[in-house]
Amino acid sequence: MLEKKVETFNMNRVIDEFEEMTRNADQVQKQTLKEILHKNQSAIYLQNFGINGNTTDPEAFKALVPLVTDLDLEPYIKRMVDGDTSPILTALPVPAISLSSGTSQGRPKFIPFTDELMENTLQLFRTAFAFRNRDFPIDDNGRALQFIFSSKQYISKGGVPVGTATTNVYRNPNFKAGMKSIQSLCCSPDEVIFSPDVHQALYCHLLSGILFRDQVQYVFASFAHGLVHAFRTFEQLWEEIVTDIEDGVLSSRITVPSVRTAMAKLLSGPNPELAETIRTKCMSLSNWYGLIPALFPNSKYVYGIMTGSMEPYVKKLRHYAGELPLVSHDYGSSEGWIAANVRPRLSPEEATFAVVPNLGYFEFLPLSETGETEERPPVGLTEVKIGQEYEVVITNYAGLYRYRLGDVVKIVGFYNKTPQLKFICRRNLILSINIDKNTERDLQMSVESAAKRLAEEKIEVIDFSSHVDVKTEPGHYVIYWEISGETEDDVLQDCCNCLDKGFIDAGYMSSRKCKTIGALELRVVERGTFRKVQEHFLGIGSSAGQFKMPRCVKPSNVKVLQILCDNVVSRFFSTAFG
């Protein structure tokens, strides 16, 4: 991989470069496409469609190359994974293959990872940090408590390293230098980040953060779920962590030799004063409200992806963060980065992202009010309309051309001449039996609505998923809830009815009224059930840092369905439609 010295970070210069680029977004887009096509002119895929070194015009490119999905590119990427080194999708070296989380599609996708994508990642991090640092300045000696986990790369039978996108980033030699240049040095030793045991790694991240508590200036995990999971874990283990600090001896639960050695150096002897400080802080909190600023008094904000499927965790994260601002991480996917959060003071609910025009060539497929792709062709970056929803189409340096991401975004404005967008949802339907069409967003809104009834009893929904049960006649939706306490059956029956009425899709409502879809079923599961689901995914190779809870479990995912069904403690059927 490319190894080069990372330049000293200059906040004003980075912001000025972004301003200049976004003022000329259209020209930058044309130049970016020209560079992508020039660098990949020998790619077999492009040549098959008649693209050659002379093709630089966007209109000619769009006329020759079709819109594709991951399924269309699967055979090409499989050849790369199997060791074919010819320029299949890209003429550039492909030192690794990324593996998506697999929770959106029900199966992981293989995606080429190149040095250019790594450069894009560091550029995006620098840009976003510059805008954050302007609003929330960090000291030169500041550190970040980062809950990052690098799962193992494996070598495919063709000899290609394969790992999650985050793993490929963290294992890149430029990553640490890049983070250091933007004052985001991790509290934890590398051995913790690369630990083969994520539970031990999480414990050590928490311990490392507390050892550097006065230097911690922000707290980060890729996803809001990761932050909530970390501090829920701290609630359970804090006394053990305090004992480690008091005695200067690492807990026996840490058994990975390299991690024990690294953490022993960090502990470096008993520290009863720090132990007593943490003990006093924890004992004084009311239901753990404000835990993060209590542990890390100089922290300025909490940072992570808090939009889309992460929205259900924001309320709990806000509880832990107290008065600290929650800052939404930038917008991207395993396929590459797209947009930066240049207005970090906006709440997660209001967060918008400005497309970075040189990260790829972007097109936007207009969606109708029903969420269907319209017959109209995709439009360019500067041609989008405010208030319209689109599916994102990306062309990047790593061999993806006119690739449909499956993400639905809404254009809410412009930053100079580049669009500012809100992430709405994944486009693929997750709940459908008849003529009903419900997305992850629809499910989320239904759960939020029903959770308000539960909140009246001072109980919260810890996590949730769903399943379409077509073994019954007629088929019906099943919603799985894990909740934080016990309550009366009539409360849960009310919640069940709220869930059913929460799906406002016309096809669903009419199908329920005429009984072609059966009564929605709410199944309450035991505490810890969704942690078992996470354990299952980690056990089959998902990264702890990239994990997203599947919001709908397909019938093919027998193991996850079994975990959910085996842990059901009560069931309720909706009476909302008579």
Side-chain angles (χ1 to χ4, degrees), residues 14-40 46 51 55-69 116-117 119-121 123-124 126-128 131 307 330-333 335-343 351-368 373-424 427:
V14 171
I15 291 174
D16 288 346
E17 286 172 357
F18 185 77
E19 294 286 344
E20 176 69 19
M21 195 189 306
T22 53
R23 278 195 293 268
N24 300 288
D26 192 39
Q27 293 92 316
V28 172
Q29 277 282 278
K30 287 174 182 171
Q31 183 59 34
T32 300
L33 179 62
K34 185 177 178 179
E35 284 181 15
I36 289 170
L37 295 178
H38 176 70
K39 288 187 174 183
N40 291 298
L46 288 178
I51 298 283
T55 310
T56 57
D57 176 54
E59 295 311 312
F61 168 69
K62 289 187 273 190
L64 291 167
V65 178
L67 293 167
V68 294
T69 66
E116 285 69 23
L117 281 192
E119 286 299 305
N120 282 354
T121 299
Q123 180 197 333
L124 188 283
R126 283 193 295 271
T127 302
F131 283 93
T307 53
D330 314 282
Y331 170 49
S333 63
E335 289 84 354
W337 289 101
I338 295 161
N341 183 355
V342 296
R343 300 173 70 195
T352 62
F353 307 94
V355 179
V356 184
N358 72 339
L359 293 183
Y361 180 72
F362 301 105
E363 299 171 72
F364 296 83
L365 265 172
L367 300 181
S368 68
T373 306
E374 295 186 350
E375 293 304 308
R376 290 181 291 158
V379 298
L381 182 71
T382 57
E383 299 162 344
V384 292
K385 300 279 193 295
I386 293 175
Q388 170 78 51
E389 291 188 0
Y390 298 90
E391 181 182 351
V392 181
V393 178
I394 184 171
T395 295
N396 69 11
Y397 287 93
L400 303 182
Y401 309 100
R402 308 199 75 204
Y403 178 95
R404 293 175 61 166
L405 271 184
D407 285 358
V408 175
V409 298
K410 184 174 186 175
I411 308 302
V412 294
F414 283 86
Y415 187 98
N416 293 323
K417 291 186 178 177
T418 198
Q420 293 227 119
L421 50 84
K422 277 182 80 77
F423 177 84
I424 301 298
R427 189 161 172 266

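Not one N or O on the side chain of E391 forms a donor-acceptor pair closer than 3.5 Å with the backbone of D407. In this structure, the side chain of E383 engages the main chain of G380 through a donor-acceptor pair within 3.5 Å. Looking only at distances, a side-chain donor or acceptor of D57 sits under 3.5 Å from a matching main-chain atom of A60. A donor-acceptor contact shorter than 3.5 Å links the side chain of T395 to the backbone of R402. Counting only distance, with no hydrogens or angles, the side chain of N341 and the backbone of F353 share no donor-acceptor pair below 3.5 Å. Panel note: side chain Q123, backbone V356; no donor-acceptor pair is recorded below 3.5 Å.
Take Y401 and apply the side chain to side chain donor-acceptor pair (under 3.5 Å) test, not counting sequence neighbours, and it matches no residue. Remark: F61 engages no residue in a ring-ring contact (aromatic ring centres under 6.0 Å, His included) (not counting sequence neighbours).
Side-chain contact check for N396 and Y361: no donor-acceptor pair (N or O, by modelled atom type) lies under 3.5 Å.
In this structure, CG in N416 is found 3.5 Å from OG1 in T22, a value given to the nearest 0.5 Å. Taken to the nearest 0.5 Å, the NZ atom of K34 stands 11.5 Å off from the OG1 atom of T32. Atoms CD and NZ, on E389 and K422 in that order, are 11.5 Å from each other to the nearest 0.5 Å.
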Step-by-step side chain to side chain contact (heavy atoms under 4.5 Å, CB included) determination, L421 to V412: CA-CA 6 Å; L421 50 84; V412 294; 5.8 Å; no
Evaluation steps, side-chain hydrogen bond (donor to acceptor under 3.5 Å, both in side chains), between E119 and Y397: CA-CA 11 Å; E119 286 299 305; Y397 287 93; over 6 Å; no
E116/N120 under side-chain hydrogen bond (donor to acceptor under 3.5 Å, both in side chains): CA gap, chis, key distance, verdict: CA-CA 6 Å; E116 285 69 23; N120 282 354; over 6 Å; no
Worked check of side chain to side chain contact (heavy atoms under 4.5 Å, CB included) between Y403 and L67: CA-CA 6 Å; Y403 178 95; L67 293 167; over 6 Å; no
K410 vs F423, side chain to side chain contact (heavy atoms under 4.5 Å, CB included): CA-CA, chis, key distance, verdict: CA-CA 7 Å; K410 184 174 186 175; F423 177 84; over 6 Å; no
Check against side chain to side chain contact (heavy atoms under 4.5 Å, CB included), Y331 and W337: CA-CA 6 Å; Y331 170 49; W337 289 101; 6.0 Å; no
Check against side-chain hydrogen bond (donor to acceptor under 3.5 Å, both in side chains), Y415 and E19: CA-CA 9 Å; Y415 187 98; E19 294 286 344; 2.3 Å; yes
N358 vs Q29, side-chain hydrogen bond (donor to acceptor under 3.5 Å, both in side chains): CA-CA, chis, key distance, verdict: CA-CA 6 Å; N358 72 339; Q29 277 282 278; over 6 Å; no
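Pairing each heavy atom of L124 with each of A339, the nearest pair is CD2-O, 3.8 Å. When all heavy atoms of P377 and P366 are compared, the closest pair comes out as O-CD, 3.7 Å. For L381 against T418, the heavy-atom pair with the smallest separation is CD2-OG1, 3.8 Å. Between P58 and L33, the shortest heavy-atom contact is CA-CD2, 3.6 Å.
Using a 4.5 Å heavy-atom cutoff, the side chains of Y390 and L365 are not in contact. Within the 4.5 Å cutoff, no side-chain heavy atoms of L359 are placed close to those of I338. Counting heavy atoms from C-beta on, the side chains of Q27 and K30 never come closer than 4.5 Å. Counting heavy atoms from C-beta outward, V393 and L405 have side chains that stay 4.5 Å or more apart.
For CZ of R343, the number of neighbouring non-hydrogen atoms (other residues, nucleotides, ligands) closer than 6.0 Å is 12 at most.
Paired with V28 under the rule side chain to side chain contact (heavy atoms under 4.5 Å, CB included), one option of K417, E20, R23, M21 passes, and it is M21.
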